[in-house]
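See below for the structure under consideration.
Everything quoted here is computed from the prediction, not taken from an experiment.
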Amino acid sequence: MTELLELPVLDGSRHVVYPLLELPVPGERVRSSRLGAEEAGAYREWLVATERGRYLSVMAVFGAAGLRWGPDSPGELVDLDALAEFMEAWFPLVMGPHMVVSRTLPWNPPVCLVTSEAGLRLQASICHDIAFALSAHIRRAIPGLNWVVWSGRGTRGTLRNVTITSSTKKSPVDFSMQFLMGCLSRYAEGTDPSSGARASVFSPTEWRARLRHFVTESVEAPGPVKPALPVPALHIGERFGPLLGEGGQQEASPEIVTALATYRELGFFANSGSREPHRLAALLQATWEASEGVPMPTLSPDLDAALLELDYERTVGFDVEADVFGGNRVYEAIALAVATIAGADGPGLEVHEEWPGDGTVVLTISAPSGPHRGQFDYVGDYVHPGILELLNAAFATSEGRLWYYDPGAQYIMVVRASEKERQALRQRRGVALEPVAPAWWLEVVADD
């Protein structure tokens, strides 16, 4: 049964009845992102089920308490400036019985400390009400947005805390809690006797701007022109290609010269023309060092990974934790980059990424080989490892197909090669081009 609280209106003349939200997990666990997989799943289901009926009804309660819901509100969306102005005055008022103003050290500014379990529950409830208002604005611009569980991992497989975010990867819940803490901070500063200021007098401009900025950053720009693809250097030619005609005055390491000779013999670096082997090796070494800021490796497997990546007409590389979410169009970026190395990026190529809102991502590729469609489960902000099958269906030819190469550190390469070239690389350089994703990638997405 929903607990009903009597909370004061802004002018203190009366009370309004506020229905307290009961979170399925403790509020402090949500704030600190310490959720297990089962808790996170239950929390996501609660967000989806609760938001639908909560937003407009609780905004009506806030309206009765003093929120200005007027002509500046766009349709059913509450005006964010008005919401921020109201909360900065009202939230400290309702939290008054549950907090004390204190200083941790004499020279530090005063802070508000919530002292009761009831206060923490009220704070978490209002935090989610603000988050629902923010997500309503974002969802108006991205209709397919939904609440998801995001579980990040570091580059060496270390598990980061599980949290809840919208599919923009920006969490309205986290931001709303920061906003409420900012309201209390301003209130505490206003109670400082040395300032001579009254508790209710402070400027809300900064946080109002932050609310608007949060929503603006969370949505895709309107209009027919799509924003620039967000994943940098997917096509390695953008990073290495322009440098190939510069530098290279130093002598190349003999290990690089020897390895490069094998790759050229097998048909790699076809873009290098008739450059003398030592000269090309020196150019590649200089290119790598200018781009990466570190010496080019001289020992396998790092040397082979560098050479594969430098052949930008054969290879596309990307971090598998690539900020995948609605509006960021990561799958589109990967498909377009792979089309370039496959020679299929001419007229008639179309790539479209869709988010139907059912926990999947749909990628449609119209290529010279015909239309191809793949549907992938949403796996946090990771690229689904099954994308290679769709890319091969769209772009493989009788001369070559696409393979995964795993250089480590959560980075993956898609390499174009024939079966003969693949076998020769394995025999002569120990390079394993594989038709499926490495086990660690499959384990990462299985955990999500």
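Inter-residue side-chain proximity for Glu419 and Trp403 is flagged as met; some heavy-atom pair is nearer than 4.5 Å. Counting heavy atoms from C-beta on, the side chains of Leu10 and Leu67 never come closer than 4.5 Å. At a threshold of 4.5 Å between non-hydrogen side-chain atoms, the residues Tyr43 and Val173 count as touching. Looking at Leu284 and Ile256, their side chains never come closer than 4.5 Å, going by heavy atoms from C-beta outward. Considering only heavy atoms from C-beta on, Tyr404 stays 4.5 Å or farther from Val436 through its side chain. Using a 4.5 Å heavy-atom cutoff, the side chains of Thr315 and Phe268 are not in contact. Residues Thr360 and Tyr378 have side chains not in contact (no heavy-atom distance under 4.5 Å, counting atoms from C-beta outward). Counting only heavy atoms from C-beta outward, the side chains of Met87 and Val94 never approach each other to under 4.5 Å.
Heavy-atom minimum distance, Leu307 versus Phe269: O-CZ, 3.2 Å. Heavy-atom minimum distance, Val351 versus Leu363: CG1-CD1, 3.7 Å. Contact between Arg422 and Pro435 at its shortest, heavy atoms only, is NH2-CD, 3.6 Å. Taking all atoms of both residues into account, the shortest heavy-atom contact from Ile365 to Ala394 is CG2-CB, 3.9 Å. Scanning both residues, Ala306 and Met296, for their nearest heavy atoms gives CB-CE, 4.1 Å. A pairwise comparison of heavy atoms in Asp406 and Pro438 identifies OD2-CB, 3.8 Å as the closest pair.
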Side chain to side chain contact (heavy atoms under 4.5 Å, CB included) for Tyr331 and Leu390? Distances and angles first, verdict last. CA-CA 11 Å; Tyr331 284 98; Leu390 175 64; over 6 Å; no
Under the side chain to side chain contact (heavy atoms under 4.5 Å, CB included) criterion, do Phe91 and Ile130 qualify, and how do the steps go? CA-CA 11 Å; Phe91 185 65; Ile130 298 173; over 6 Å; no
Working for side chain to side chain contact (heavy atoms under 4.5 Å, CB included), residues Met95 and Ile126: CA-CA 11 Å; Met95 292 297 292; Ile126 294 175; 5.6 Å; no
Where do Ile341 and Val415 land on the side chain to side chain contact (heavy atoms under 4.5 Å, CB included) test, with the steps shown first? CA-CA 8 Å; Ile341 67 169; Val415 181; over 6 Å; no
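In terms of modelled atom types and a separation under 3.5 Å, the side chain of Glu332 and the main chain of Glu353 share a donor-acceptor contact. Distance alone, capped at 3.5 Å, places no donor-acceptor pair between the His384 side chain and the Phe376 backbone. Judged by distance alone, with hydrogens and angles left aside, the side-chain atoms of Arg314 form a donor-acceptor pair with the main-chain N or O of Arg416 at under 3.5 Å.
Surrounding CD of Glu389 are at most 12 heavy atoms belonging to other residues, nucleotides or ligands under 6.0 Å away.
Between Ser176 atom OG and Gln123 atom CD the span is 11.5 Å, to the nearest 0.5 Å. Between the NZ atom in Lys420 and the CG atom in Leu266 there is a gap of 9.0 Å [rounded to 0.5 Å]. Atoms CG and CH2, on Leu21 and Trp46 in that order, are 4.5 Å from each other to the nearest 0.5 Å. In this structure, Tyr411 OH and Glu309 CD are separated by 3.5 Å, a value rounded to the nearest 0.5 Å. Residue His137 holds its NE2 atom at 14.5 Å from CZ of Phe132, rounded to the nearest 0.5 Å. To the nearest 0.5 Å, atoms CG (Asp311) and CE (Met413) are separated by 11.0 Å.
Using a 3.5 Å distance cut-off with no hydrogens or angles, the side chains of His352 and Thr364 do not pair a donor with an acceptor.
Between Glu421 and Arg428 there is no salt bridge, since no side-chain N of the basic residue sits under 4.0 Å from a carboxylate O of the acidic one.
Under a cutoff of 6.0 Å and an axis angle of 45°, Arg54 and Tyr18 form a cation-pi pair.
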